[in-house]
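As structure tokens, the structure follows; a few thoughts come after it.
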Amino acid sequence: MDEKYFAAKIEDKWQMKWLESGAFEVEMDSDKPKFYQLEMLPYPSGNLHMGHVRNYSIGDALAWYKRLKGFNVLHPIGWDSFGQPAEEAAIKRGVNPRDWTEENIKHMRGQLQRLGLSYDWRREMFAHRPDYYKFDQWFFLKMYEMGLAYKKLSQVNWCPNEKATLSNEQASGGICWRCGAAVERKDLEQWFFRTTNYADQLLDDMAEIEAGWAEKVLKRQRDWIGRSEGAFVDFAVKDSDEKIRVFTTRIDTIYGANAIVVAAEHPIIEANYANFSYETKAVIEKIKADKLKVTDHEAEIEKEGVDTGLKAVNLFSGEELPVWAANYVLIEYGTGAVMSVPAHDERDYEFARKYDLPIKVVIEPHGKAHEISNDNKLAHDEMIDSAFSDYGVVVNSDLWNGKTTEDAKREMAEYAERHGFGEAATTYRLRDWGVSRQRFWGAPIPIIYCEKCGVVPEKYENLPIELPEKAEFTGTGESPLAKVESFVNTTCPKCNEPAKRETDTMDTFVDSCWYYFRYTDPKNSEMPFDPKIAAYWTPVDQYIGGDDHAVMHLIYTRFWTKAMRDMELIGFSEPVKRLLTQGMVIGETFFDEIPNPDEPEGKGKRVYFPPSSVSVERDAKGKIISAKSAEGTTLKSAVERMSKSKGNGVDPDEMVEIYGADAARLFVLFAAPAENELVWNESGIEGAVRFLQRVWRFVWKWKSKIQSPKSEVQNEEFSSDARKLRQKTHQTIKRVTENFESLQFNTPVAALMELSNALYDFKVDSETASETDLYAIREAVESLILMLAPFAPHTAEELYAQIVGNENGMLANGARFPEYREELARADEIEIPVQVNGKLRSRILAAPDTANDELEIMALADAKIQEYTNGKEIAKVIVVPKRLVNIVVKG
RNA sequence: GCCGGAGUGGCGAAAUUGGUAUACGCACCAGACUCAAAAUCUGGCGGGCUUUACGCCCAUGACGGUUCGAGUCCGUCCUCCGGCACCA
């Protein structure tokens, strides 16, 4: 190796050594504490992007840190290799999705390896290979047995032109992304997993992981599950035996109900449809038709409804209420019917205003009783501009008057239950997870339809149900699988008569629900994994990924874990102890905005130009003054998520080529805290290279002198400068260790830079350095190198080899992360700021353990302080040990 | 609209959780080395003022409060980013 730092040379060398020696290959070993470090697995799109580099650099740093701390670290990687893009490639370019996927994996694996990430490659998993998806199918059958998988009619996005189902993304904006036809909704029989069975557990078990998950993720999950506590209440339909059941969270406001409002699809509407007037029918049909239109996050929809003429009786008050059908009541939520209480619900208020319905106040704010009129028929004009939806005191409600909202809610629900027209109830926003996809590139659902036996699950011994080698990809019509005769036609596992296979495949989120259990036992052909092995490695100690997965993936995998617990495969309920959600990597984009003729008011269509093709003029602060394309068009700019289509992506290979993997990784971690967005700016990366080179040069200069250090020396023998260096070394160890434990990666890099600067400041000639000086240098250098390993492992390995004199590598040599020693980190003398009335006026030097009253005397004796205290009364002196002295004077 | 997060130098960011605001790095400026350049090394680098000092004043989105002391806590407001969107 060279005196000069050549990244490529050492990186190739150590990557080879690691691979040959199996440095990161681990086995279950109950004598050692384990640590499971996991990062979200990539989709093999073809190229790694900087977001991946960031994600995997963070994970690799932690994996190295934990290894050096003596843990048996499982750090695997795999491929989320089922999914739409492969099928798209097949449709567009006629390639086989399997070949396309395998090619991409090959390329991306190379990219990961060039970054020198410390994976146990023997455990690599591939979602699209039969040995993996066999167990997707295995789990499906288990779920089916447990009643957790079932089939029901549900709506999909449907392109009437291509006769194909579309994902929400493909249907974005209400038009088919390929042909532009207006997207419709269509009912289809689909498979579901009963995630709602676990709704309460998904919420309540959050208590177990609260400490390790960001609040923003937990909050989004809470919202997604959307538990709301309330009550069902039945309203009797007049002149019939029927009832309308509503769900309400505010049963205490029931005396304020002015109407029952139901969704257009509600059974009561169907049942009485024939009796409705022509006008009523027209409104109902319009509401239904509007619902079929796919609206894409459009602004608030105007409330619309119609009085059906039906009457319902409020069994609390005996009052008769009109039954309306309206567009703001959702059939999917609650019971599809609500009681409308305009005085105390914003939506009902709006609706009542529009249709001139009576508004009756039944809740008054606490402490404001009687300020609002007792008039039962309070006119809307008196409700100034909105409903009062807070809790308060019940009024105008017979025997419930004077009760608080809290008491009334509980007691009224009990009352309804006692009288047989209601009960306390809980509803959820969470729906069951629809897993059917009308696509080829996914795990086939192992179900068979037999004319005689009906729906029959495939036998376990027939798994995997493999995808056919060939299929036709047109992007139109049914799923490609449906057209492969050899796949569709089979025999019934029950009666052996000819039967047909299910041609839907599973949602790819199924694969990512349990892949990290597979890593623990990747070659198992009988079971998804051996419960005994999984028990050693799981749960995951640290999971890292983008917060775009805060809900879907992370809820589904929590659901799956609970289901696996109930299958007795594992013995815990929460799969991930600590979760780190890293911020996006974003970059400057340049685009021309072309007005959209369909939406003249809305945003135009953006046509992106790659930054390299744009000539940019900046002011002194680096702000963009103007940007022009090669043709001279003036362009707009923004800072957005990096992507190929926007042309602002950075190729990791290029970064590695120019600066080296170590510098690229170090920089990505140093540039910003992990949770922050990272605005990509290449100018900083050279600083990372410089830092590595600085460390390299220092080690090269001293390595022969410090190769065989003296055994432990008494601290008193060191020169004062050497003692200071040792202090810096141990303070740095403390800081870096604490930073790793709290998942900070930018600050420890700064600390290491400071230590390296301290080494350069330690002015000792290499020829005349004393034994103790050399000891201090060796201590600092060795610590620096070991602490550098998580950020720049190749450089650290090479430098470590230089000072220990062998090339076995840190791990094989049993190297450990340096231990912080309190007594060495302590300075002989520290500077203590002295304030007068909170303003910094002077500094005194004192031993760190100086007593408070002594510090006070020293501070008061300070010449500069006396200038401020002279002739004034000293009211108080505050001494914070080791921190500061503040003298409060009067006058 | 509701919920969540954040506002600190030219820039990315630190601040031991209420105790020296601006660590570390980028960019920039000056010097050393060099025929020269690059690299490297050394020094400077929030703003203002003057008596240029181990000096003073101001400054962490704005205003107010609590405190001996506030970037940090409380209140009101402003701005930006993210999530949700009629969930009864």
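The figures here come from the full heavy-atom set of this structure, side chains too, leaving out hydrogens, waters and symmetry mates. Note that the coordinates shown come from a computational prediction; the quantities given were computed from them, not determined experimentally. Convention: sequence-line order gives letters A, B, ...; per-chain numbering from 1.
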Categorize [X] for me: base, sugar-phosphate, or nothing, with a 4.0 angstrom heavy-atom threshold over every strand shown.
X      : answer
A/V888 : sugar-phosphate
A/F698 : nothing
A/V341 : nothing
A/R735 : nothing
A/R841 : sugar-phosphate
A/E831 : base
A/G687 : sugar-phosphate
A/D348 : nothing
A/D223 : nothing
A/R429 : base

Using heavy atoms to find the nearest nucleotide of RNA chain B for A/E754 and A/N676 separately, return the residue whose nucleotide is more 5′.
-> A/N676

Is the distance between the ring centroids of A/F791 and A/F670 less than 6.0 Å?
-> no

Output yes when at least one side-chain N/O atom of A/N757 is less than 4.0 Å from OP1 or OP2 of B/G25, else no.
-> yes

Respond yes when some side-chain nitrogen or oxygen of A/R697 is under 4.0 Å from OP1 or OP2 of B/C41, and no when none is.
-> yes

Of all residues at least two apart in sequence or in a different chain, which pass the ring pair (Phe, Tyr, Trp, His ring centres under 6.0 Å) check with A/Y328?
-> A/F351

Can A/K734 and A/E822 be counted as an ion pair, charged N to O under 4.0 angstrom?
-> no

Helical stems, RNA chain B - three or more consecutive Watson-Crick or G-U wobble pairs below 3.5 Å = B:1-7 with B:78-84, B:10-12 with B:24-26, B:28-32 with B:40-44, B:46-49 with B:55-58, B:61-65 with B:73-77

Residue of the set A/V338, A/D348, A/I244 for which side chain to side chain contact (heavy atoms under 4.5 Å, CB included) holds with A/V261 | A/V338

Out of A/D345, A/V341, A/T405, which residue meets the side chain to side chain contact (heavy atoms under 4.5 Å, CB included) rule with A/R250?
-> A/T405

B/C41 versus B/C58 - spacing of their P atoms, nearest Å = 39 Å

Residue list, side-chain contact (heavy atoms from CB on, under 4.5 Å) with A/A847, at least two apart or on another chain = A/D849, A/T850

Which nucleotide in the list B/C81, B/G4, B/G12 gets nearest to the side chain of A/K216?
-> B/G4

